[in-house]
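What follows is a single structure, written as structure tokens, with notes after it.
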There are 2 protein chains.
Amino acid sequence: MMSKRKKVADIIDNIRRVFQAVHEYSKKAEKKTGLTGPQLWAMKILADTAPIKVSQLAKSMYLHPATVVGILDRLEVKGLIARTRSKGDRRVVEIDLTNLGREILERAPEVAQGLLVAGLETLPNKDLVCIADGLSQLVKILGVQEIPPGLLLTTEGHESNRESC
Amino acid sequence: MMSKRKKVADIIDNIRRVFQAVHEYSKKAEKKTGLTGPQLWAMKILADTAPIKVSQLAKSMYLHPATVVGILDRLEVKGLIARTRSKGDRRVVEIDLTNLGREILERAPEVAQGLLVAGLETLPNKDLVCIADGLSQLVKILGVQEIPPGLLLTTEGHESNRESC
DNA sequence: CAAAAAACATTTGAATACAAATAATATGAG
DNA sequence: CTCATATTATTTGTATTCAAATGTTTTTTG
């Protein structure tokens, strides 16, 4: 029987491994496409929801608007997105993919989350429950059930409803 | 019974929550001490292992040496650490906490990991096994059992040996 | 309607973070 | 011993991230 101390240490190690893996994966995707993780992420969202306001994009990415402006600047320079001042409300800037942007995106790999989703979907239901419960406990410990996820991807909608261990 | 799709989505959401929570926590510690997460993290490591080489500190933090140099620059300006060119090998720079650094550190809160460890330790053994197994599965999916953890903390030593669900 | 408040995108300034290049020193091969 | 190689810290340049301040435009209030 492992000591409690040892179990806790193992858990922490594995959390770190997950952090690290997501990070490494995003760096690999960067090498392949010339797009950084956040840039690719923004484009994936645009592919689904363009045209979209800057503020809405920021919300979708759970990032500060100022951060998104920077990312958009660089994507614009590369000719992958276009900004248009909205006719109806001239405070608003509408973002859309250019044709080049769409082409590039087709050849781009999934964001880190894609890897996770693909991997998880191959698992039997029983294992999914196991993983889900473990993470729920962690979330409970951290006291962040209410926090809207953030980072890592775009899928919105977070109605919860889970089973217990 | 939840659909597999839904389960996977829930898992991803919770992973994002954990990411987010760790990040938020580090920002909170920053407000309290005037030290950023990485700065505090570096000092915690120094408290345990100083004097230490820059390259060794970088390894302990799983960061690029260039990044650590920047962090040390800012800590040095605040008078919390001291750099000394090593006598034995003049390429090496030894880092140590100053007395002021030690004082500040005493009043500083734990790094995000501290919160996790404390929370985990209150859980019954059964729950720990549940969390550990869930994370093990994730790590397996990501194919990173071999990756030395990284991020989040400093404790070294990672022999593994776990039970199943 | 006019002034105040809010919403929106952006700019500015600071801290990470990495890769690549540099400079200084140490070690190894011949 | 000398030259090539390796190690060590640093500098430089780019990207991400946030908070705070700014400038426009819209909405709300009085």
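Proteins get letters first, then strands, A, B, ... in listed order; numbering begins at 1 in each.
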inquiry  = What is the distance, to the nearest angstrom, from the CD atom on B:Glu94 to the C1' atom on C:dT25?
reply    = 15 Å
key: Closest non-hydrogen atom pair, A:Met43 against A:Leu105   = O-CD2, 3.4 Å
task = Quickly work out the A:Ile95 CD1 to C:dA9 C1' distance and round it to whole Å.
result = 9 Å
ask   = Do B:Arg90 side-chain and C:dT25 base share a donor-acceptor contact under 3.5 Å?
value = no
query = To the nearest angstrom, how far is A:Leu57 atom CG from C:dA9 atom P?
reply = 10 Å
ask   = Looking at the side chain of A:Val69, which of D:dT12, C:dA9, D:dA19 is the nearest nucleotide?
value = C:dA9
task = Rounded to the nearest angstrom, tell me the gap between atom CG in B:Leu72 and atom P in D:dT8.
result = 16 Å
inquiry  = Side chain of A:Arg91 only, heavy atoms from C-beta on: which candidate in C:dA26, D:dT11, D:dT24 is closest?
reply    = D:dT24
query = Whole Å only: how far is the CD atom of A:Glu76 from the P atom of C:dA9?
reply = 14 Å
message = Between B:Asp89 and B:Lys53, does any NZ, NE, NH1 or NH2 come within less than 4.0 Å of an OD or OE carboxylate oxygen?
response = no
task = May I ask you to say what A:Pro38 touches in the nucleic acid, namely base, sugar-phosphate or nothing, with a heavy-atom cut-off under 4.0 Å?
result = sugar-phosphate
key: Along DNA chain D (nearest heavy atom to each residue), the more 5'-positioned of A:Ile71 and B:Val93   = B:Val93
side-chain N/O B:Arg83 vs D:dT10 OP1/OP2, d < 4.0 Å = yes
task = Hey, which sits more toward the 5' end of DNA chain D by its nearest nucleotide, A:Gln39 or A:Gly88?
result = A:Gln39
message = Side-chain N or O of B:Lys53 versus OP1/OP2 of D:dT8: is the shortest distance under 4.0 Å?
response = yes
remark   = From NE2 of A:His64 across to C1' of D:dA19 the rounded distance in Å is 6 Å
message = For C:dT16 and B:Arg74 - does any side-chain N or O of the residue sit under 4.0 Å from the phosphate oxygens OP1/OP2?
response = yes
query = Is there a side-chain polar atom (N or O) of A:Ser55 under 4.0 Å from OP1 or OP2 of C:dA7?
reply = no
Cationic N near anionic O, under 4.0 Å, A:Arg83 to A:Glu76 = yes
Between P of C:dT10 and CG of A:Leu63, the distance in whole Å = 15 Å
ask   = Base, sugar-phosphate, or nothing: which does B:Thr67 touch, judged by heavy atoms less than 4.0 Å apart?
value = base
query = Which heavy atom in B:Ala58 sits nearest to a heavy atom in B:His64, and how many Å separate them?
reply = CB-C, 4.4 Å
inquiry  = Whole angstroms only, please: what is the NZ-P distance between A:Lys59 and C:dC8?
reply    = 6 Å
query = For the residue pair A:Gly79 and A:Thr98, what are the closest heavy atoms and their distance?
reply = O-OG1, 2.7 Å
